[in-house]
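To start, the structure under review is shown below, and the notes come after it.
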Protein chains: 2
Amino acid sequence: MVSIKDVAESAGLSVATVSRALNGHPSVSDDARERVLAATDALGYRPNVVARSLRTHRTGTIGLVISDVLNPYFTELARAVEEEARELGYSVIIGNADERADLEDHHVRGLLDRRIDGLLVSPADGRSPMTLEAAAGDTPVVFVDRWITGVDVPVVRSDGRTAIADLVDHLYALGHRRLAIITGPAATTTGRERVDAFRAALAVHGLALPDEYVGRGDFQAESGRVCTERFLNLTQPPDVVFATDNLMALGALDEIGARGLRVPDDIALAAFDDIPWFSHTDPPITTIAQPTAELGRVAVRALADLIAGSPASSTVLPAHLVVRRSCGEPETKGATRE
Amino acid sequence: MVSIKDVAESAGLSVATVSRALNGHPSVSDDARERVLAATDALGYRPNVVARSLRTHRTGTIGLVISDVLNPYFTELARAVEEEARELGYSVIIGNADERADLEDHHVRGLLDRRIDGLLVSPADGRSPMTLEAAAGDTPVVFVDRWITGVDVPVVRSDGRTAIADLVDHLYALGHRRLAIITGPAATTTGRERVDAFRAALAVHGLALPDEYVGRGDFQAESGRVCTERFLNLTQPPDVVFATDNLMALGALDEIGARGLRVPDDIALAAFDDIPWFSHTDPPITTIAQPTAELGRVAVRALADLIAGSPASSTVLPAHLVVRRSCGEPETKGATRE
DNA sequence: TCATCTCGTGGAAACGATTACATGGTCGAA
DNA sequence: TTCGACCATGTAATCGTTTCCACGAGATGA
């Protein structure tokens, strides 16, 4: 590998001057700059960012730890994050936690060891010691999508409460009275928030949410299937199942299909997170859409602020209901219709 | 940040001994080892991998440049790669090329600058100079899924030829005679291979593949929609559209749906790459499944071999047909039925 | 004319680890 | 007792940058 030393030699200058020339330092003569440029591309020199980082204490990299790469919601988030980061001159290293606290831990540790300039995390729950340590340490951290209550770190997320209320109104209007929910882990903020909002929205219509209508999932497809199985085995199964993420909705669909039941006639289905496939499932699925890409971009900007030393604030963006056909033929007014 | 020097001081030893103790070097006394351990966790010391990499010329990291993170096929691949790499003690840095040669270039360059130990690429085509340079340089490179013809680098991929022949047999048996294909860019090997295999399979049945039945896509949903639009506007539209990746199939579905046509009655649809959603679209989609995760794992092992200095060989794994309902009611024998 | 300032440059010290080499001590064999 | 081998440790060089400091040469101002 050709180093700055080789360039210096070939250009007949010192490494200091070469370094300055390459970094656009003002006091470098035109002559020197030209010779350096000539030498660098004659030799095909590329600066060693490892050495540079060691010296400057900056890596030009931010870490992103997401809950699950196989979840289209998170890949869309990751894509937006990378795009915005690139625009701001940062690279992104993605860690996939697969909804496992130990993997989240592993990746956060790895990223910190790598001396990333800042960290974006979608924390599974509060059980990752490294995430807590990172939040308390001096590497800038921003939570995105999910957060840890009681930890003082900026959060960029969307608020689904009104959208969930809209959904419940929609379901009620269609005549559904027995509504069930498949939640995420109680430890995740999104898991709790969505079930709380759902319960509150039901209460407005004088409906209760009995325990047997609350399925505890883990944001993975299989758990959605299992919960749906349990619902369908009840002596009085629900009219509607609301899956609080897209993968669990997929699992629910699997189980419903396996039993030869039809949506929405035999049982209705709604989901959280909109993804392109939801328009093409049988039937198209009514869902709550988040401004996913925008969340990613805002989160990166917040982190960049933090890295630059300015304080960053939390942001909450609204989610909205997208009505399709999985809950019955809509005669809706109001919400988006597709 | 606490450095090895601080640990040495606190333990009353030299940095050399501390380094040896931490790296499991044999000749370190038990006493020293204990003091080092005590000091490290008293101070919360974590080795600086940047410094370590500078000295050792190893980063313990491999790069993975994939064509499109929003494509479920590639996320599944990425996940498998990360998993296998983690098992082998490597971290993975993912770069998303978004099917753009300039972005592929950007990421390959960034990864090389970062001095990764090895590189896994799914090259869009031969137009990324950096990818060519990387392949020619001394950083170990393995191509996965796609490759560049004429470049001497191990390739891990799947062969769809027999599966495509099976698909064509299946379509022919169902009575379809006008078969159209939506290909990827001609510059990609997968784009070319799939259309060649399709044409060859048609020839077996004495069928031709007229130019107007070949749509040139770019592996993105919108291009699938556009090609399908063109097909449907022909005076004699095809009976079947075969989309050579899952996103273009989604686009095709969009266009067909927008016209109020039904699959498979009005037009049949088949795809390449199986993804969970294909079981739940309306109707479930007949597709060709690749052993995606296995491809990822094999590719990582090949790369690890290369890094270790042993020669790595190319691998070809077979794809297979998965018959669902999007091409008509199957009365099939042979291929997998779902 | 001389002091002062600016500008371009080079020398050398960091950054935080690993590791070749040197050193002094212990122990077993001759 | 003496010599060599071995073991635990320390000293210092090294990886490839950036950057502080010093220095000489012109330019500027009094």
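If you're wondering where the values come from, they're calculated on a predicted model, not measured in any experiment. Heavy-atom basis, side chains included; hydrogens, waters and symmetry copies ignored. To find a chain, count down the sequence lines: A is the first, B the second, and so on, and within it residues start at 1.
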- Message: On DNA chain D, does the nearest nucleotide to B/Thr56 precede the nearest nucleotide to B/Leu13 from the 5' side, or the other way round? Give the residue.
- Response: B/Leu13
Could you give the [atom1]-to-[atom2] distance, from [X] to [N], as a whole number of Å?
X        : N      : atom1 : atom2 : result
B/Arg55  : C/dT19 : CZ    : P     : 6 Å
A/Arg33  : C/dT9  : CZ    : C1'   : 13 Å
A/Lys5   : C/dG10 : NZ    : C1'   : 14 Å
A/Arg114 : C/dG16 : CZ    : P     : 18 Å
A/Leu54  : C/dC15 : CG    : C1'   : 4 Å

Just so I know, are the side chains of [X] and [Y] near enough to count as touching, which here means a heavy-atom distance under 4.5 Å?
X        : Y        : answer
B/Asp117 : B/Tyr90  : yes
A/Leu119 : A/Pro140 : no
B/Leu112 : B/Glu133 : no
B/Pro123 : B/Phe143 : yes
B/Phe74  : B/Val144 : no
B/Glu104 : B/Val121 : yes

- Message: Under the rule for side-chain hydrogen bond (donor to acceptor under 3.5 Å, both in side chains), what residues qualify as partners of B/Asp30, not counting sequence neighbours?
- Response: none
- Item | Enclosure of A/Asp41 CG (heavy-atom neighbours >12, cutoff 6.0 Å) | yes
- Message: To the nearest 10°, give me the bend of the helix from C/dT1-D/dA30 to C/dA30-D/dT1, comparing the axes of its five terminal pairs at either end.
- Response: 50°
- Excluding sequence neighbours, so at least two apart, what forms side chain to side chain contact (heavy atoms under 4.5 Å, CB included) with A/Asp105? A/Arg109, A/Ser128, A/Pro129, A/Met130
For residues 44-51 of chain A, run the donor-acceptor check on the side chains, cut-off 3.5 Å, and write out each pair with its distance to 0.1 Å, sequence neighbours left out.
residue: A/Arg46; atom: NH1; partner: B/Asp113; partner atom: OD1; Å: 3.1
residue: A/Arg46; atom: NH1; partner: B/Asp113; partner atom: OD2; Å: 2.5
residue: A/Asn48; atom: OD1; partner: A/Val50; partner atom: N; Å: 2.8
residue: A/Asn48; atom: OD1; partner: A/Ala51; partner atom: N; Å: 3.2

- Message: What range of DNA chain D does chain B touch, first nucleotide to last, counting atoms under 4.0 Å from its heavy atoms?
- Response: D/dA8 to D/dG16
- Query: Closer than 4.0 Å, any side-chain N/O of A/Thr17 to the OP1 or OP2 of C/dG10?
  - Reply: yes
- Message: Both B/Ala16 and A/Ala16 contact DNA chain C. Which one's nearest nucleotide lies toward the 5' end?
- Response: A/Ala16
- Item | Of residues 19-31 of chain B, the positions that come close to DNA chain C - non-hydrogen atoms, cut-off under 4.0 Å | B/Ser19, B/Arg20, B/Asn23
- Message: Please determine whether salt bridge (Lys or Arg N to Asp or Glu O under 4.0 Å) holds for the pair B/Glu76 and B/Arg297, giving the CA-CA distance in whole Å, both sets of side-chain angles, and the decisive distance to 0.1 Å.
- Response: CA-CA 11 Å; B/Glu76 190 182 345; B/Arg297 285 191 292 266; over 6 Å; no
